[in-house]
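So you know, we letter chains A, B, ... as the sequences are listed, proteins then strands, and number each from 1.
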2 protein chains.
Amino acid sequence: MAVAGQGLTSEREVGVNGTKQRIIDASAHLMRHQGYEATGVKAIVTAARAPFGSIYHFFPGGKEQLGAETIRWSGAEYAKLLPAVLGGAPDLVSGVRAFFAGAADHLVATDYADACPIATIALEVSNRSEVLRQACAAVFDDWVALGSSQLIAGGVAEADARRLIIEMIAALEGAFILCRATRRTEALDVVGEAAAASVAAALCSPAAPKRS
Amino acid sequence: MAVAGQGLTSEREVGVNGTKQRIIDASAHLMRHQGYEATGVKAIVTAARAPFGSIYHFFPGGKEQLGAETIRWSGAEYAKLLPAVLGGAPDLVSGVRAFFAGAADHLVATDYADACPIATIALEVSNRSEVLRQACAAVFDDWVALGSSQLIAGGVAEADARRLIIEMIAALEGAFILCRATRRTEALDVVGEAAAASVAAALCSPAAPKRS
DNA sequence: GTCTATATCTCGATAGAC
DNA sequence: GTCTATCGAGATATAGAC
């Protein structure tokens, strides 16, 4: 079983949140499930139980600004999972294994809807909105930086940390695509084991491995 | 340098194609760049230099049917790259390396627009259209089957082939997301080297004793 | 600040002339 | 089969009452 759900706001009460945060919550939820283009602002305010005009009160830049803030907020929330899961594990390798297992559990629990909160948006907007593309890039850069430091703290050599975390993020994102399309968790199971093995190998051989 | 471009129709003339194929070509091109939701049928027929009504003549099921045929055609075209690239390499490991390098070259050459032809669509529609989701799943299943046989032909043990190809497809897809968002090829470079190393390891140590 | 009504545009889809 | 005109519904965005 997963250490915790991998939803974004499930553990905390939302009743006390202000209108702006409720809009971002609803936007994050809808865009995680169906992407940016298919998510209309009307659907967002309805889900947020907010008046329509509030969108343009809190986000004068319209849907694009709301999208950018959604990306940054979702990215920051999702990043919190990494130290949370790794901190609850006895060692780095089992922590990595738990992260992928938790992702698979949460995916199944949400009927294959809750995968990466920003991947769909990233692919949709990379060549259509520079503002949104940069927001996604900033989130991925943050994940790489945070993940690297977590790996180093767990015993991985600094020289290996960056390529390892990029490998694992890419594996997670790619597996999410395969799992959602096939409605099977095989891909996450496979890449989770591979990630755990890669980390284990990096812990065994601290010297930077040479490749031809 | 890539063995060949990783575009879908670039090497062949398109002038002789009929209207239906021109529509599919245009649809594949637009959806590869910006996804399914952001691609309107009007933009497709304009790019295909076809009359608007032709869409509903050739695709009575409307946009959804066109999307499904686009996914299947794009998936089959992209699959041809694998034997093409591997066949031009002296061995399996350098073939795998060449595939990822070619993907990175093509991505840069197209201003980070031409990545996976169906990944964006897969994430967008997985929870919105069962027809389109199944089309994506069929493509991924085909890629896994084709890739497995290619790996086995290259010397990988049957017991390792399936998990290896799933690892590599996931790594490729995830790296595409990171590269498009960051407009850097680092992720593809990293996972390409990792994929080559995984294949090399599988060739050196045939796991799971098999009676042949 | 909150909320409603509406303007303007573009979407997918259809009808029907040719 | 090809092509045009147009439909109704939905989109984003704005204006303005309260």
D:dA13 OP1/OP2 closer than 4.0 Å to side-chain N/O of A:Y56: yes

Minimum-distance nucleotide to A:K63 side chain [options: D:dA13, C:dG12, D:dT2]: D:dA13

As a test of reading the structure: which of D:dT12, D:dG1, C:dG12 is closest to the side chain of B:H57, going by heavy atoms? D:dG1

Between B:R133 and A:R180, is there a side-chain heavy-atom distance shorter than 4.5 Å? no

With a non-hydrogen cut-off below 4.0 angstrom, is A:G40 in contact with a base, only sugar-phosphate, or nothing? sugar-phosphate

What is the distance, to the nearest angstrom, from the CZ atom on A:F59 to the P atom on D:dA13? 13 Å

Take atom CD of B:Q34 and atom C1' of C:dT10, then tell me their distance rounded to the nearest Å. 14 Å

How is B:G62 classified with respect to the nucleic acid when contacts are heavy atoms under 4.0 Å: base, sugar-phosphate, or nothing? sugar-phosphate

In whole Å, I'd like the distance from the CZ atom of B:F52 to the P atom of D:dT2. 15 Å

How many whole angstroms separate atom CG of A:L66 from atom C1' of D:dA13? 14 Å

Rounded to the nearest angstrom, tell me the gap between atom CD1 in B:I44 and atom P in C:dA13. 11 Å

Rounded to whole Å, the NZ-P distance (A:K20 to C:dC3) equals 17 Å

Donor-acceptor check, side chain of B:S54 to backbone of B:A50, threshold 3.5 angstrom: yes or no? no

For the pair made of OH in A:Y36 and C1' in D:dA11, what is the distance, rounded to whole Å? 12 Å

Where the side chain of B:P51 is concerned, which of C:dA13, D:dT4, D:dA13 is the nearest nucleotide? D:dT4

Candidates C:dG12, D:dA11, D:dT14 - which lies nearest the side chain of A:K42: D:dA11

Does any N or O in the side chain of B:E124 come within less than 3.5 Å of the main-chain N or O of B:Y36, such that one atom is a donor and the other an acceptor? yes

Are B:K20 and B:F59 in a cation-pi contact, defined as NZ or CZ under 6.0 Å from the six-membered ring centre and within 45° of the axis? yes

Check: A:W73 side chain, A:D25 main-chain N or O, donor-acceptor pair, under 3.5 Å: no

Expressed in angstrom and rounded to an integer, what is the separation of B:I55 atom CD1 from D:dT2 atom C1'? 14 Å

